[in-house]
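These numbers were taken from a predicted model, which means no experiment stands behind them. All ligand and atom numbering here is 1-based and tracks the order in the structure.
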Amino acid sequence: MKYAIISDIHGNIEALTAVIKHAKSKGVKKFFCLGDIVGYGANPSECIQKILEIKAICIAGNHDHAAIGLTDISFFNLHAKTAAMWTSEMLSEDEINFLKDLPLVIRHDELTLVHSALDEPVKWHYILNDSDAAKNIELLETMICFIGHSHIPCMFQEQYNSRALFDFLDHLTISQKSIINVGSVGQPRDGDPRSSYVIYDDSSKTVYFERVEYDIEKAQQKILKAGLPTILANRLLIGK
Ligand SMILES: [Fe+2]
């Protein structure tokens, strides 16, 4: 069965819609969402509704918690803080309850899903280097852990303990413990503005790294029209 693992949608419905369409065209039957459905983008409610519509198995991200007052936003930069406060005003009671009930970690067969890291998931640590990854691989009880949070797709493995650059890699068959960052659907930060996500085929244990074009201009216009910080619109075009 083919699964799509998506993360860091950040209220970007244009990107989310394009990714879902792309994944379905590749034969994906089930979606996992690694959190940060909301925050930054202009369509938080629409993104939650879309996630419900596709029946994605979902966990919470720090921006989901920020929008409903479950995490301290004093550490956020000004733009993130502004967006979190704006987002909190946009959500219905049902949407707030949906975000509130999301778990921090899920295990599904040979997969572990967490937004940030396995060590203290509620503290939203980043896995950015070999040392962060080694600590988390020690805690990993399954073959694969999918993460998001940094918005930069990359991979760490137990024996080949180094970050893989996806310029040279579009798919990989997994045979050792691996932590895979699926990148961001709605606000990529690796210099490629296309949406990033992963397809996992559990019959061949293969991970496919996907990039999808979407209507960036439309998403930018909505951010500006909503009165959100201009930088949040500008960065979509450069993927940074
Ligand atoms: Fe995020």
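Pairs of residues two or more places apart, or lying in two chains, that qualify as ring-ring contact (aromatic ring centres under 6.0 Å, His included) and include a residue from residues 39-76 are His10-Tyr40, His10-His63, Tyr40-His63, His63-Phe76, His65-Trp124.
Pairing each heavy atom of Met90 with each of Pro44, the nearest pair is CB-CG, 4.0 Å. Residues Ile223 and Ala42 approach most closely at N-CB, 3.9 Å, considering heavy atoms.
The closest side-chain donor-acceptor pair between Ser150 and Asn181 falls under 3.5 angstrom.
Here His108 pairs with Tyr3, Phe32 under the ring-ring contact (aromatic ring centres under 6.0 Å, His included) rule; sequence neighbours left out. Residues satisfying the ring-ring contact (aromatic ring centres under 6.0 Å, His included) test with Phe31, not counting sequence neighbours, are none.
For the Fe ion (ligand 1), protein N/O/S neighbours under 2.8 Å (waters excluded) are Asp8 OD1, His10 NE2, Asp36 OD2, His151 NE2.
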